[in-house]
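Worksheet: the structure to be examined is printed underneath.
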Amino acid sequence: MLRTHNCGELRLTHINTSVTICGWVQRTRDIGHLIFADIRDKYGITQITAIEGTSKPEIQEQLRKLGRETVVKIIGKVSERSSKNPNIPTGDIEILVEEIEILNTSKVPPFLIEDETDGGDELRMEYRYLDLRRNPVRKNIELRHQMNRATRQFLDDLGFIDIETPVLIKSTPEGARDFVVPSRMNQGEFYALPQSPQTFKQILMVAGFDRYYQIVKCFRDEDLRADRQPEFTQIDCEMSFITQEDILNTFEGLIRHLFSQVKKYELPEVPRMTYDDAMRFYGSDKPDTRFEMKFVELNELTKGKSFLVFEEAELIVGICATNCASYTRKQIDELTDFIKRPQIGAKGLVYVRCELDGTFKSSVDKFYSSEDLQKIATKMNAKAGDLLLILSGESHKVRKQLSELRLEMGNKLGLRDKNKFAALWVLDFPLLEYSEEDNRFYAMHHPFTAPKPEDEILLQDEKRWGDIRANAYDMVINGTEVGGGSIRIYQRPLQEKMLGILGFSPEEAKAQFGFLMEAFEFGAPPHGGIAFGFDRLCSIFGGADSIRDFIAFPKNNSGRDMMIKSPSPIAQAQLDELSLNITKK
RNA sequence: GGAGUGGUAGUUCAGUUGGUUAGAACGCCUGCCUGUCACGCAGGAGGUCGUGGGUUCGAGCCCCAUCCAUUCCGCCA
């Protein structure tokens, strides 16, 4: 070792010992006859000092000239500071420098390597190795490591085994767009990178492995967002001979274990809600349950009062914002602008102020008497001082719009505290989803999801396909979907029927998933599983909105790696070898 | 594919109605300073205003195109 100690461990107890430390120069402070430098490594910061009259003149000169991020080896004696710094663990001591060795020099970094950096995202990604030197980013990566460890520990203890599945697999038309890889040895043919190891883990169940897990990279070639990367990591799990109840209990256990181990936070039992209720009360299949503000449907109380907008609406629904009756006209106008934005697309907002004196002030006073408004307020459980916000329109759309407004109000009222955690199981998702555009049904989860046994009969009636519920479940934390899964189909006839509904001809079904259906004919056990988005889970545990800072080497919004500059063109010789031609658009 | 926002010093940003030599902070360089720790003080260097075209006597500012970044919608079984 080049060092005897790291930069975070020296204390008063080390006084008068000779030590050697290595690290990066954080900054120097030149006070004339006194020169200080902070030496940093991942363990902490230690101050080194040269004093005129005590230290050798050449040491003073060397110290004075140290630039930021120079890598140094310092030999010296630990001494007590005459002026201590209570803000850092090593603040009681400093090292009186006897020898400085420059291990490597550094250019001036393009942004400040400090907790509060001045660097923008693009620059930080281009110089990722500098960004990773910063405490907040390093801590996120360390948190990820702890999450990984705690996950493995929990699942290992339950007898799950980690089995790797291939990365070069086959492209399938269902689901997200695949990343593809041309095959040189099979010209004109392509591998695809897995969107998830779905079929492989089912095959492992057929093989009798019973409990499988993997912390595994998945790839989806879709447009990105702040919380989406083209390659991301899942905690992928599958179990045999289980019911949905077993899965929910096991993986609720995993999440609670993670909170307890990594956050020292005892997560209460995870409540459950059906998909239908989630949509009805929150307008979302991933409600943020850190706060209530449930939807209240108001059709009976608002219809028949000649307010045309409501008369024509399929659904009239509102939320009650506690203590917001004092909102000014301007603030309500801002909310109206918010819901009218093209991304949300509501036509208008009706409000009712429940004034402290018991009267009501609303934007629809012309149409509703104060008794009418009182009835609405009562139904919405409003107290004096509350503000009712009501939207109307086509059911599905208006629920989505009100859901956005609810989240916005949650933000405004400070109800979405990053240090508070509300987990939720959303159950009984629809099996199939109709696409108006393509005039056909799509699997809401994926084509291997089993219908609820009691709904299986509906498969025979095309008109009822949209009503079939699946044994499918999502885990939601703080309004973010962190994981989802289902009980799988394990019998060939049912799988064939499903693929048929999804528009596969028997030939296509066989070509795409023949191996799976054949496996089902060799004694496939009942099985099911779940996958958690590991990056998202880490970002929630870290209290961040973006997953990028929890990935050592993330890609930007366009799927580019700014550091290595990928993707990039390849040589003509490589293209020739793969028999590929590039056609310019 | 669509909508919004942004691009000015190494970095983060300001820049008035289109008008003299484009500013600030941090960083960097030089000097001073005996206990700093976001040290302080004095001075200095540093700019193709993303790119291309246009309007104008005159463009960082207005118009058109384009590139890049970023947020959202679509998309993400």
Side-chain angles (χ1 to χ4, degrees), chain A residues 26-40 45-55 60 64-65 67-69 79-88 90-92 94 96 107-127 130 172-178 195-196 198-199 218-230 232 338 341-345 400-401 404 429-433 435 437 441-449 470 472 481 484-486 498-499 502-503 531 533 545-546 548 556-560 562:
Chain A
Q26 179 75 28
R27 59 154 63 81
T28 57
R29 287 178 296 280
D30 179 358
I31 320 289
H33 299 276
L34 271 169
I35 305 146
F36 303 104
D38 293 334
I39 307 301
R40 182 199 73 237
I45 281 190
T46 297
Q47 176 168 285
I48 63 170
T49 310
I51 305 172
E52 187 163 274
T54 308
S55 307
Q60 291 176 62
R64 209 187 298 278
K65 293 238 148 58
R68 282 173 188 265
E69 301 308 312
S79 71
E80 184 170 3
R81 293 198 200 181
S82 62
S83 164
K84 297 188 171 61
N85 182 351
N87 299 318
I88 59 172
T90 61
D92 288 344
E94 62 194 353
L96 274 174
K107 296 205 285 186
V108 175
F111 53 86
L112 289 176
I113 301 178
E114 284 168 23
D115 290 3
E116 294 291 328
T117 185
D118 60 357
D121 284 351
E122 197 183 348
L123 206 57
R124 288 172 47 210
M125 272 193 259
E126 181 175 350
Y127 297 93
L130 297 181
T172 56
E174 279 286 303
R177 213 172 274 120
D178 285 317
Q195 297 168 30
S196 80
Q198 182 60 36
T199 50
C218 302
F219 307 86
R220 290 177 192 174
D221 187 8
E222 294 292 346
D223 288 2
L224 303 175
R225 294 281 189 282
D227 64 343
R228 266 191 238 160
Q229 288 272 306
F232 59 98
F338 174 81
R341 284 166 40 203
Q343 285 94 332
I344 298 183
K400 251 181 111 173
Q401 292 159 357
E404 296 292 336
F429 274 79
L431 182 71
L432 297 161
E433 200 174 24
S435 161
E437 200 176 320
F441 280 94
Y442 282 91
M444 191 148 181
H445 186 54
H446 58 48
F448 316 109
T449 299
E481 182 202 324
S486 62
M498 264 306 288
L499 291 172
L502 297 173
D545 293 321
S546 173
R548 285 184 197 163
N556 78 1
N557 225 24
S558 322
R560 293 192 160 275
M562 301 305 280

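Proteins get letters first, then strands, A, B, ... in listed order; numbering begins at 1 in each.
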Does [N] have OP1 or OP2 sitting under 4.0 Å from an N or O in the side chain of [X]?
{"X": "A:Ser82", "N": "B:rG35", "result": "no"}
{"X": "A:Ser558", "N": "B:rA69", "result": "yes"}
{"X": "A:Arg29", "N": "B:rU36", "result": "no"}
{"X": "A:Asn85", "N": "B:rU36", "result": "no"}
{"X": "A:Arg225", "N": "B:rC73", "result": "yes"}

Which whole number of Å gives the distance between the [atom1] atom of [N] and that of [M]?
{"N": "B:rA45", "M": "B:rG2", "atom1": "C1'", "result": "47 Å"}
{"N": "B:rU48", "M": "B:rU8", "atom1": "P", "result": "11 Å"}
{"N": "B:rG35", "M": "B:rC49", "atom1": "P", "result": "46 Å"}
{"N": "B:rU51", "M": "B:rG10", "atom1": "P", "result": "13 Å"}
{"N": "B:rU12", "M": "B:rU71", "atom1": "P", "result": "15 Å"}
{"N": "B:rG19", "M": "B:rC28", "atom1": "C1'", "result": "34 Å"}
{"N": "B:rC67", "M": "B:rG52", "atom1": "C1'", "result": "10 Å"}
{"N": "B:rG7", "M": "B:rG15", "atom1": "C1'", "result": "15 Å"}

Would you kindly give the [atom1]-to-[atom2] distance between [X] and [N], to the nearest whole Å?
{"X": "A:Leu123", "N": "B:rA9", "atom1": "CG", "atom2": "P", "result": "12 Å"}
{"X": "A:Met444", "N": "B:rC76", "atom1": "CE", "atom2": "P", "result": "12 Å"}
{"X": "A:Leu96", "N": "B:rG35", "atom1": "CG", "atom2": "C1'", "result": "12 Å"}
{"X": "A:Tyr127", "N": "B:rG10", "atom1": "OH", "atom2": "P", "result": "12 Å"}

### Query
Does a donor on one side chain sit under 3.5 Å from an acceptor on the other, for A:Asn556 and A:Glu122?
no
### Task
Using both distances under 3.5 Å as the test, list the Watson-Crick or G-U wobble partner of B:rA25, or none.
B:rU11
### Task
Under a 3.5 Å limit for both distances, which nucleotide forms a Watson-Crick or G-U wobble pair with B:rU5, could you say?
B:rA69
### Message
A:Ser55 vs A:Gln60, test: side chain to side chain donor-acceptor pair (under 3.5 Å). Steps then yes/no.
### Response
CA-CA 7 Å; A:Ser55 307; A:Gln60 291 176 62; 5.6 Å; no
### Summary
Closest to the side chain of A:Ala176, out of B:rU36, B:rC76, B:rU34, is B:rC76
### Query
Nearest to the side chain of A:Arg81 - B:rG1, B:rC37, B:rU70?
B:rC37
Is a donor-acceptor contact shorter than 3.5 angstrom present between the side chain of [X] and the base of [N]?
{"X": "A:Gln343", "N": "B:rG4", "answer": "no"}
{"X": "A:Arg341", "N": "B:rC73", "answer": "no"}
{"X": "A:Arg220", "N": "B:rC75", "answer": "no"}

### Message
Under the criterion of centre distance below 5.5 Å and interplanar angle below 30°, is A:Phe111 classified as stacked on the base of B:rU11?
### Response
no
So what does [X] hit on the nucleic acid, given a heavy-atom distance under 4.0 Å: a base, only sugar-phosphate, or nothing?
{"X": "A:Tyr442", "result": "nothing"}
{"X": "A:Gly345", "result": "nothing"}
{"X": "A:Glu94", "result": "base"}
{"X": "A:Arg548", "result": "sugar-phosphate"}
{"X": "A:Pro110", "result": "sugar-phosphate"}

### Task
Flag yes if more than 12 heavy atoms outside A:Arg29 fall under 6.0 Å of its CZ atom; otherwise flag no.
yes
### Query
Does A:Glu69 pair with A:Arg40 as a salt bridge, N-O distance under 4.0 Å?
yes
### Message
Salt bridge check, A:Asp92 against A:Lys84: does any charged N sit closer than 4.0 Å to a carboxylate O?
### Response
no
### Summary
Comparing nearest nucleotides in RNA chain B, the 5'-proximal residue of the pair A:Met125, A:Leu224 is A:Met125
### Task
For A:Glu122 and for A:Asn87, locate the closest nucleotide of RNA chain B by heavy-atom distance; then report the residue assigned to the nucleotide nearer the 5' terminus.
A:Asn87
### Task
Go through the steps to decide whether A:Phe219 and A:Gln195 satisfy the test side chain to side chain contact (heavy atoms under 4.5 Å, CB included), and finish with yes or no.
CA-CA 5 Å; A:Phe219 307 86; A:Gln195 297 168 30; over 6 Å; no
#### Entry: A:Thr117, A:Leu123, A:Ile113 screened by side-chain contact (heavy atoms from CB on, under 4.5 Å) with A:Leu130, the one that passes
A:Ile113
### Task
Starting at the 5' end of nucleotides 26-33 of chain B, put B wherever the base has a protein heavy atom under 4.0 Å, S where only the sugar-phosphate does, and a dash everywhere else.
SSS----B
### Task
Show the numbers, then the answer: is there a side chain to side chain contact (heavy atoms under 4.5 Å, CB included) between A:His446 and A:Ser486?
CA-CA 9 Å; A:His446 58 48; A:Ser486 62; 3.9 Å; yes
### Message
Can you list everything that forms a ring pair (Phe, Tyr, Trp, His ring centres under 6.0 Å) with A:Phe36? Sequence neighbours excluded, please.
### Response
none
